[in-house]
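Chain naming here is simple, since letters A, B, ... match the order of the sequence lines and numbering starts at 1 in each. Reckoned from all heavy atoms, side chains included, excluding hydrogens, waters and symmetry mates. What you see is a predicted model, and the numbers here were worked out from it, not measured in a lab.
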Amino acid sequence: MLYRKAPNTHNWYSGYNKVINVEEATEKPKISKVVFVFAVTLAVWLLFTWPFAPVDWATIIAGSIISLISGTILAGVATQHPIKALNPVRYFWAACYVFALAWWVMVANLDVAFRVLHPDVPINPGIVKVKTKLKSDSAKTALANSITLTPGTMTVDLSDEGHLYVHWINISSTEVEEATREVVGRFEWLLRRIFE
Amino acid sequence: MSGMSPIVKTVTRWVSPFILAFGIYIALTGHLTPGGGFPGGVIIAGCFVLLTLAYGKEKVDGVFSLKSASVTDSLASLSFLCMGLLGYVFGRGFLNNFIQSGFPGKAFELLSGGNMPIINVAIGFKVGGSLFVVFAYLALFRAIEEE
Amino acid sequence: MLTYLLAFILFAVGLYSVINKRNLIKIIMGIIIMEHAVNAFLILIGYRISGKAPILEKGTSVTEFVNSAMDPLPQALVITSIVISLGVVALMVALAVRLYQHYGTFDITEIRKLRG
Amino acid sequence: MVLIQIFLVFTIIAALIAVEAPSALSSIISLGAVGFGLSIAFLWLGAPDIAITQVVVEILTLVILIRATIGKGVTEIRGNESKTLLIGSLILFGLGSAFFANYLSAFPEFGKSAIDVFSETPSQFYLKFGLEKAGGANVVNDILLDFRAYDTLGEATVLFTAILGAITLLNKDVFFGEGGEK
């Protein structure tokens, strides 16, 4: 029976409006969110147009208009807590984090290179489950990306209960607590100061 | 379509305003640097397509609904036509570059090119709006099919 | 001459897919490949050895620019053609999806058998 | 020049894989390889505008094709059309190649465009007076929006019509009332 009757579609366009999650869709972006997105986008715009004249008012005004469009359309999606970005302490910890991450990546690089070049190839790969105390999505994303950026470990999945599944080149323990201390511990305390 | 994992959602959230601004930048400075209305418009559409893929269409509908995409498309086409018709008003002819021949800007700057930047941005919004509409309809059709 | 022939071979691959395949999606892909081949051929016509992109930079004189820039006319035509091809691909995909909904398959021989 | 030929050979191989691959997803990804290889070739051919457009359009084409085909019974379809159609198309293809070879001899050799061969061409006019009359440094955009703006208007119309057709196909029932399938 190859012929199939079309599903009942006669009112799916009109029905579509009812499907919308009203709570999320009708949420108006607050003015602080708009201002934050406007400022960041304007800064990036000035980086785009760097090769133009040092003070070119036409470019700056056009950039302001474009940032305003971008802010009013996307402020509801782009940011959640813009007030946090005003705290200068967070930027200090973020700068610290960049250097710390560079150091850890270098150490992990040397470790993986040692394992690859060793004649016995002492690896013990597998996937471990680790736990994180971080709450916000931004912090979890930064944590997962930092783990992936470090050679030897790679985030595979992120569950809703705050568990990460990490592929690790040399498993020292399959216990959740033990693995958490080894993989997550060094990133977590800095990320909490930056994002939460 | 409930969306993807929180990592994809968060990264999409962070980069989406820059993609939109970059699309308009590509369209606006098309007369000075490589680019123009067509690639800029496709980048604008790509921003909302990315949001649709990451978040599902319900969330995007509160940001940039199908109706506002159609309105953007039509308004951009109309403004392109109006720029053409204004040529008659200035006594030159349809789609004449009347701004450039009337008050030429300094070369290699944003305000040079007469009405080229305006038409470029109009084409950008037109292409972006219409491509997003067609993608949203495809996604909608698929969601209905899956029910 | 060899470079023109390569673009022609690319066109032939797309034509083979359109004529010889039974899958609707493969046919759409053949049309996309043919569009790519035609675009590449038009750009190859406008190519000049050791030429530059047709974008004027500060400080170059116009006569120097005319002697060194690529042919801008095929590029302007192709940039239009690419975006139109995207619209046409969207139309074809919509048609294919509708046919799938109606007949339950992408196979054109089956679709041909089941009229109505 | 050799670099351009290498990229074209790469696109031909990718196109063959795209046509012959059994799985729908892998053939669509190979189609993406065709487009991206061509966009790099465009960059070497001195056409950055087209390279940008090609990359962006290719991404959207892939997204549309994957959304439309994934989860449907595409992979089961094997085999080709009938033999008579293939033979007839081969004959037509031979005729077409003969015509192409005939016209190819009339082309200027590769690496010389019409600007080098003829003394007065439209391209020379555009290159010479682009900055002066239209005001933009990018001559391709000067042609698109000033000298040949009617082309762009027609293009917008064609795009509008194609999108309108797609939308009408996708929700036929809204336009034709209930039971549009009959």
Chemist: To the nearest 0.5 Å, what is the distance between CD1 on C:Ile25 and CG on D:Leu31?
Modeler: 11.0 Å

Chemist: In Å, rounded to the nearest 0.5 Å, how long is the span from CG of D:Leu90 to CG of C:Asn20?
Modeler: 8.5 Å

Chemist: So for C:Val66, is it side chain, backbone, both, or neither that comes closer than 4.5 Å to the heavy atoms of chain D?
Modeler: both

Chemist: For the pair C:Tyr4 and D:Phe110, name the ring-plane relationship: parallel under 30°, tilted 30 to 60°, perpendicular over 60°.
Modeler: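 The arrangement is perpendicular - the two ring planes meet at more than 60°.
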
Chemist: Once rounded to the nearest 0.5 Å, what's the spacing between atom OG of D:Ser113 and atom CE of C:Met70?
Modeler: 9.0 Å

Chemist: Does any heavy atom of chain D fall under 4.5 Å from the side chain of C:Val13, the backbone, both, or neither of them?
Modeler: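 For C:Val13, heavy atoms of backbone and side chain both lie under 4.5 Å from chain D.
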
Chemist: Below 4.5 Å from any heavy atom of chain D, which atoms of C:Ala12 appear? Answer side chain, backbone, both or neither.
Modeler: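 The answer is both parts of C:Ala12.
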
Chemist: Pick one of side chain, backbone, both or neither for C:Leu77, based on which atoms fall under 4.5 Å of a heavy atom in chain D.
Modeler: side chain

Chemist: Could you list which of residues 49-61 of chain D have a heavy atom closer than 4.5 Å to any heavy atom of chain C, in residue-number order?
Modeler: D:Asp49, D:Ile50, D:Thr53, D:Gln54, D:Val57, D:Glu58, D:Leu60, D:Thr61

Chemist: For C:Phe41, is it the side chain, the backbone, both, or neither that has a heavy atom closer than 4.5 Å to a heavy atom of chain D?
Modeler: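 Only the side chain of C:Phe41 comes within 4.5 Å of chain D.
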
Chemist: Are any of the side-chain heavy atoms of C:Met29 and D:Val19 separated by less than 4.5 Å?
Modeler: no

Chemist: Working to the nearest 0.5 Å, report the span between CD1 of C:Ile32 and CG of D:Leu65.
Modeler: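 Going from CD1 on C:Ile32 over to CG on D:Leu65, the span is 5.0 Å.
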
Chemist: Is C:Leu15 in contact with chain D via its backbone, its side chain, both, or neither, using a 4.5 Å heavy-atom distance?
Modeler: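 Interface part for C:Leu15: side chain.
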
Chemist: Can you list every side chain to side chain donor-acceptor pair (under 3.5 Å) pair that touches residues 149-165 of chain D, not counting sequence neighbours?
Modeler: D:Arg148-D:Asp151

Chemist: Under a 4.0 Å threshold between the charged nitrogen and the carboxylate oxygen, would D:Glu20 count as salt-bridged to C:Lys21?
Modeler: yes

Chemist: Using 0.5 Å steps for rounding, measure from the CG atom of D:Leu38 to the CD1 atom of C:Ile82.
Modeler: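 It comes to 9.0 Å.
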
Chemist: Are the side chain of C:Gln75 and the backbone of D:Gly46 linked by a donor-acceptor contact shorter than 3.5 Å?
Modeler: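 Such a contact is found between C:Gln75 side chain and D:Gly46 backbone.
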
